[in-house]
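Encoded as C-alpha cells, the structure appears first; notes follow it.
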Amino acid sequence: MSEISLYWFRQDLRLTDNPALHEAVKSDKTIAIYIHDEKYPIGSASKLWLSKSLKKLDESLNNKLNIYKGSPKDIIEKLTKENNITNVYWNRCYDKYSIKRDSEIKKLLQNNDIDVKTFNGSLLLEPWQCLKDDNTHYKVFTAFYKKLIQIKPYVPNLSKANVINLIKLENSISLENLELTKPKHSWQRIINFWEVGEKAAQLKLEEFIEDKINNYKEARDYPSMDSTSKLSPHLHFGEISPSQIFNAIYQNNVSSNHEHFIRELTWRDFSYYLMYYYPDFDTKNINEKFDNFEWDNNLKLLKRWQEGQTGIPIVDAGMRELWQTGYMHNRVRMIVASFLVKNCLIHWKYGEEWFFDCLFDADIANNCASWQWVAGCGMDAAPYFRIFNPALQAQKFDSKGDYIRKYVPEISKLPNKYLAEPWTTKPEILEKANIQLGKTYPYPIVDLKTSREKALEQYKKL
DNA sequence: TCACTTTTTCT
DNA sequence: GAAAAAGTG
C-alpha cells in the first residue's frame, strides 16, 4: 500500500527552504492543505494578501492545493480518516491559540496511530534554543542577539520541495469561498501595488542585496528613501524563510550595514520569543507595573489619529501612508506610536489593533512586541521617559519634507522650515502657502509640550 | 553675554 | 529621545 502524507500550510506559504514540506513530499503521495480558521485573528488588509498568496501558492503546486474553511481539528481528522493518511507534517506556530490547537490535533492524530512531525520553518532559532547559561530566557534584546549570532552558524537552506506527487481532493473548496476579498476599505485596489508570493519575495531579497544593503544602516531611517527591504509581509506569511535571508546577508565579510539588517531580522525572532514566554502579551502588559497606568483613552483623539488628522504633519503623513498603502515606514511607526501612547495617553492596545487591521505585514508577535516596546511596558522596552518629539523627528528624518508633502499635500506649499510644525508659522507665510489652520489643515489635537509633561507625570505615579 | 557643542538627567 | 545643564572659546 502506498504511503500518503498530509501537509498543512499555515504561515509558511512557500516551497523553498520549507523543512516540513521537504519531508512530507518524500511520501508516495502528499495531500497539501490550507485551512481558513475564522477564529484565528487576521486583519482586513492581511486578508487580501493572504488570498493573493494562496493563489500564487496554488499555482506553484500545479493547482493541487486543497482549501478548507472551519475547525482545523475537525477537518484534519476527517481528511486523515477518509484518505488513509499515515503521516502529518507542519511547521510550528508560536502564538498561544496555535500552540493549543496544534497540540490538541497532534494528540488526537497520535491516538489514531498517525505519525505527526513538526518543524521550525519560521524562526532563526526556536524560543527554547536560545537561552542564558542558567537555562532561563533572555529579557534583553542585545544579549539575545549576541547569543543567537553565536549559536546560529550557517545552516544550509533546503532546496525547493519537489511537489510532483500531490493529490487534489474533490471536497476542496475554491479560494473565492474563503471570502477574503470583500473588505470595507479599498484594500482590494491597494494590494495591486504589491507583488505577492514566494517568487516576489525571492526577487525582493535579491534586489535588496543588490541595491540597498550597502547603505542600509544610514538610509533606513529616512521615510522618503525606500531604503528598507519591504520583506515584512512576505516574512509574515512565510513566503520566504528568515533563515534564507539570514544566510544571504550574513556571510563571511559582514559590513556594519549587513550586521544592522541582521539585527533587525533578529528583532522579529525576539518578538516571537517574547510571545512564547509571555503568551498573553497580546492583551497584557509584560511589565505589570503598567496595569495601574491611568490612560485617558479619548476616542475622539484616537479617531483623529487613525484618520491622519492630528495636525502634526509627520504623524498624519504616517497614518495616511498606512491607510493608503497598507504599509508604514519603520521610523514613522515609532513616531506615530509614541504620539498615540504618550502625547495622547491612549492605551497601546488601541494602536496595536488599528495597525493589525491596516498593515499587510500585520503580525501578532511583531505588532504586540513593538507596541509594548514603544509604550515602555515591554521587556527591554524603550524607557517611558523617552518621548519622541514628532516635529523634531520630522526635521531630522524628513528635512526636505518629501515624505510629508507626499501624504499631506494640503500643506505642501509651506517652506521646509515650517513644514514640521505649521502651527508655529507666521500668518502671512501660512496665507502665502494657501493654508487656513483649523480649516484646510487642523491645529494640533494636543500641545506637544504640555502633553509630554502630563505623560511624564502619569508615569511618575507608577 | 553669546552661540554653539557636549554631557547629564529624566522613571 | 529630548530637554536641561554644563562646558567651550
Side-chain angles (χ1 to χ4, degrees), chain A residues 139-143 145 216-225 227-228 256 260 263-264 267 270-271 274 278 281 284-296 305 310-319 328-349 351-352 355 366 369-399 401 403-404 416-424 444-462:
Chain A
K139 294 173 181 69
V140 178
F141 172 75
T142 307
Y145 169 70
Y216 177 75
K217 194 179 172 188
E218 162 77 10
R220 63 184 290 270
D221 269 324
Y222 297 87
S224 66
M225 279 180 80
S227 52
T228 57
S256 61
H260 204 97
R263 260 184 93 90
E264 297 304 315
W267 269 105
F270 191 57
S271 298
L274 290 176
Y278 304 90
F281 91 147
K284 289 193 177 132
N285 300 316
I286 293 178
N287 180 350
E288 288 169 6
K289 249 191 190 174
F290 275 79
D291 295 352
N292 298 319
F293 195 92
E294 288 169 40
W295 302 101
D296 276 356
W305 178 81
T310 67
I312 319 276
I314 190 72
V315 175
D316 293 339
M319 297 310 294
M328 197 194 305
H329 186 276
N330 180 254
R331 163 67 44 186
V332 191
R333 291 189 198 199
M334 293 192 287
I335 298 170
V336 302
S338 166
F339 179 76
L340 184 76
V341 170
K342 295 176 179 177
N343 296 97
C344 299
L345 286 178
I346 292 177
H347 194 291
W348 59 266
K349 187 67 191 162
E352 186 272 323
F355 269 34
N366 281 328
S370 305
W371 274 94
Q372 291 222 33
W373 182 86
V374 171
C377 55
M379 255 321 134
D380 189 25
Y384 192 83
F385 54 77
R386 197 185 277 176
I387 298 173
F388 284 76
N389 179 332
L392 250 178
Q393 287 285 313
Q395 281 155 12
K396 267 190 205 163
F397 298 109
D398 190 37
S399 57
Y403 182 75
I404 287 175
N416 292 344
K417 202 176 151 193
Y418 305 103
L419 202 55
E421 35 188 350
W423 62 91
T424 64
I445 55 171
V446 293
D447 178 76
L448 293 181
K449 192 164 179 239
T450 54
S451 62
R452 177 181 188 274
E453 284 160 2
K454 198 176 157 194
L456 284 172
E457 218 169 282
Q458 288 290 6
Y459 182 68
K460 217 191 253 177
K461 288 187 190 165
L462 299 181

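Chain A is the first sequence line, chain B the second, and so forth, proteins listed ahead of strands; every chain is numbered from 1.
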Taking A:Lys349 first and then A:Glu352, would you say they form a salt bridge - that is, a charged N and a carboxylate O separated by under 4.0 Å? yes
What residues 453-462 of chain A contributes to the DNA chain B interface at heavy-atom separation below 4.0 Å is A:Tyr459, A:Lys460
**Study point:** Of residues 377-389 of chain A, the positions that come close to DNA chain B - non-hydrogen atoms, cut-off under 4.0 Å
**Key:**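 A:Phe385, in order of number.
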Test side-chain contact (heavy atoms from CB on, under 4.5 Å) applied to [X] - qualifying residues, sequence neighbours left out:
{"X": "A:Glu218", "value": "A:Asn215, A:Tyr222"}
{"X": "A:Lys289", "value": "A:Asn287"}
{"X": "A:Thr142", "value": "A:Lys146, A:Arg263"}

Sequence neighbours excluded, which residues qualify as salt bridge (Lys or Arg N to Asp or Glu O under 4.0 Å) partners of [X]?
{"X": "A:Asp380", "result": "none"}
{"X": "A:Lys461", "result": "A:Glu294"}
{"X": "A:Lys139", "result": "none"}

Strand contacts (DNA chain C) in residues 288-296 of chain A, 4.0 angstrom heavy-atom criterion: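 Output list: empty, so none.
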- Between A:Phe290 and A:Tyr384, what is the ring plane arrangement, given parallel below 30°, perpendicular above 60°, and tilted in between? tilted
At a 4.0 Å cut-off to heavy atoms of chain A, the contacted part of DNA chain C spans C:dG1 to C:dA3
Pairs under 3.5 Å (N/O, protein and nucleotides 4-9 of chain B):
none

Salt bridge (charged side-chain N to carboxylate O under 4.0 Å, His left out) pairs touching residues 381-399 of chain A, sequence neighbours excluded, are none
For A:Phe339 together with A:Trp305, are the ring centres under 6.0 Å from each other?
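No, the ring of A:Trp305 stays outside the 6.0 Å limit from the ring of A:Phe339, centre to centre.
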